[in-house]
Amino acid sequence: MQSRLLGATGLRVSSLALGTMTWGSVTDEHEAREQLAGFTEAGGTLVDTAAGYGDGASEALLGSLLAEGVVARDDVVVATKGGITWRGGDRGVDTSRGGLLTGLDASLKRLGVDHVDLWQVHVWSSEVPLEETLSALDMALSSGRAAYVGVSNYSGWQSAQAATWQRAVPGRATLASTQVEYSLLARDIEYEVLPAAEAMGMGLLAWSPLAGGVLTGKYRTGIPSQSRGADPNFSARVDAYDDERSRGIVTAVAKAAEGLEWTPLQVSLAWVRDRPGVTAPILGARTAAQLKEALQVAELTLPPEIALALDDVSAV
């Protein structure tokens, strides 16, 4: 698998990332073990998790697999996120300096590591001054708890403001990356987020590159009983793409896949991976078999005419 530098940093990561949002909940230990082993065997290094995934269950499961020796700690780039909290089953946001650093310490404990390779603020919050939130990133870096830092789900102006603030004074932690949704069905970030990231030297990590599985084509004739679309926790994401424009894009992807003798998953994933400014799309597979199919895209490149046709049909 190809490796890439994350933005304007020296951190080298794989061009596909392994997402673990459902680990510890939908994805059990057996499946997670197979996914992690298969991913690294294919040359993957970047593994993305978050304190807010399953109220820490994802981090804990990843930590147990690292402790078990499924892969060596030095063979993976561990990325996690902080700022989302769960109390009594209710989701909350805490991007205060104290909340973020306390959360980071808890993340390190669950992961069983002394530092993470990339620590990201999971969400923007207008309730806490931005400079306070960013000071937590400075402290994480200076204390050795994180090697690199970034943000997630920031808009274009938020990304630019945060990155500019960090560059304004020598010694502050430069933002290495931004993590946002990006797919053939969700291209709004091309207006402001992508240009801001490129201008500020941030690598872009694309979550939901298959639009919740919609771009695989499996929802064209209904909702499979074992799919995320049948899960009440994820069905809203699938329903969001139940419109004429989305169906037209999914049909175009299916036709391209048929002509190339690929799968729609591979066409959609290759398109995102090779978009300007993208460092890596994040694969969130339900099973090891699904992940194996996705990893085959590492050896595939969309023909320019197919990529252009998909650009046209999905243009916002």
Side-chain angles (χ1 to χ4, degrees), residues 3 5-7 9-14 16-25 27-86 94-95 97-122 135-152 173-177 179 203 205 207 279-280 282-284:
S3 64
L5 292 174
L6 184 64
T9 76
L11 179 60
R12 191 167 289 279
V13 301
S14 52
L16 298 173
L18 178 62
T20 65
M21 183 177 70
T22 61
W23 283 23
S25 52
T27 304
D28 62 21
E29 182 178 351
H30 172 74
E31 281 289 347
R33 183 182 293 106
E34 286 197 26
Q35 287 187 25
L36 183 59
F39 178 69
T40 54
E41 286 171 5
T45 59
L46 180 56
V47 183
D48 180 76
T49 184
Y53 293 165
D55 194 15
S58 172
E59 290 180 329
L61 181 48
L62 176 57
S64 69
L65 295 178
L66 291 175
E68 185 182 319
V70 174
V71 298
R73 168 65 182 92
D74 292 342
D75 289 342
V76 290
V77 176
V78 177
T80 193
K81 299 179 284 293
I84 291 180
T85 62
W86 291 92
D94 185 355
T95 61
R97 179 172 50 248
L100 284 170
L101 292 174
T102 298
L104 176 57
D105 288 337
S107 290
L108 295 176
K109 184 175 181 180
R110 285 189 292 265
L111 289 164
V113 299
D114 59 3
H115 78 282
V116 292
D117 301 295
L118 177 63
W119 185 48
Q120 305 147 97
V121 181
H122 205 155
S135 70
L137 302 183
D138 297 336
M139 294 184 70
L141 202 65
S142 63
S143 65
R145 285 177 277 185
Y148 295 88
V149 295
V151 295
S152 177
T174 301
L175 298 185
S177 63
Q179 185 176 142
L205 303 175
W207 62 263
T279 301
I282 301 171
L283 308 174

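Numbers for residues simply follow the sequence, beginning at 1.
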Item to complete: Indicate yes or no: at least one non-hydrogen side-chain atom of Leu100 is less than 4.5 angstrom from one of Leu104.
Response: no
Worksheet item: Are side-chain heavy atoms of Leu18 and Trp23 found at a separation under 4.5 Å?
Response: yes
Practice prompt. Kindly give the heavy-atom pair with the smallest separation between Thr20 and Asp48, and that separation in Å.
Written response: OG1-O, 2.8 Å
Item to complete: Could you tell me whether a side-chain N or O of Asp117 sits under 3.5 Å from a main-chain N or O of Val78, the two making a donor and an acceptor?
Response: yes
Discussion item. I need the minimum non-hydrogen distance between Arg73 and His115, along with the two atoms involved.
Written reply: NH2-O, 3.1 Å
Discussion item. Check whether Lys81 reaches the backbone of Ala51 with its side chain - one donor and one acceptor, N or O, closer than 3.5 Å.
Written reply: no
Fill in: Nearest heavy atoms of Gly82 and Trp119, plus distance in Å
N-NE1, 3.8 Å
Item to complete: Only counting residues at least two apart or in another chain, list the ones meeting side chain to side chain donor-acceptor pair (under 3.5 Å) with Thr102.
Response: none
Worksheet item: Which heavy atom in Thr49 sits nearest to a heavy atom in Ser58, and how many Å separate them?
Response: OG1-OG, 2.8 Å
Discussion item. Do Leu205 and Leu118 make a side-chain contact, defined as non-hydrogen atoms from C-beta onward lying under 4.5 Å apart?
Written reply: yes
Worksheet, complete the sentence: Across all chains, not counting sequence neighbours, the side chain to side chain contact (heavy atoms under 4.5 Å, CB included) partners of Thr9 are Leu6, Leu11, Tyr148, Ala176
Worksheet item: What closest approach, in Å, do Gly24 and Leu61 show between heavy atoms, and which atom pair accounts for it?
Response: N-CD2, 3.5 Å
Worksheet entry | Residues forming a side chain to side chain donor-acceptor pair (under 3.5 Å) with Thr45, sequence neighbours excluded | Ser14
Worksheet item: Hey, are the side chains of Leu111 and Leu62 touching, using non-hydrogen atoms and a 4.5 Å cut-off?
Response: yes
Discussion item. Once rounded to the nearest 0.5 Å, what's the spacing between atom CD of Glu31 and atom OG1 of Thr22?
Written reply: 9.5 Å
Practice prompt. Check side chain to side chain donor-acceptor pair (under 3.5 Å) between Ser3 and all other residues, then give those that pass, not counting sequence neighbours.
Written response: Arg12
Worksheet item: Residues two or more places apart in sequence or in another chain: which of them pass salt bridge (charged side-chain N to carboxylate O under 4.0 Å, His left out) with Asp55?
Response: none
Fill in: Heavy-atom side-chain proximity of Met21 to Trp207 below 4.5 angstrom
no
Worksheet item: Which atom pair, heavy atoms only, marks the closest approach of Ala146 to Leu141?
Response: O-CD1, 3.2 Å
Practice prompt. For Thr80, enumerate each residue passing the side chain to side chain donor-acceptor pair (under 3.5 Å) test, keeping only those at least two apart in sequence or located in another chain.
Written response: Glu59
Discussion item. Let's go through Val70 and Thr40 carefully: what are the C-alpha distance in whole Å and the side-chain angles of both, what is the deciding distance for side-chain contact (heavy atoms from CB on, under 4.5 Å) to 0.1 Å, and is it a yes or a no?
Written reply: CA-CA 10 Å; Val70 174; Thr40 54; over 6 Å; no
Practice prompt. Look at the side chain of Ser177 and the backbone N and O of Gly203, then say whether any donor-acceptor pair between them is shorter than 3.5 Å.
Written response: no
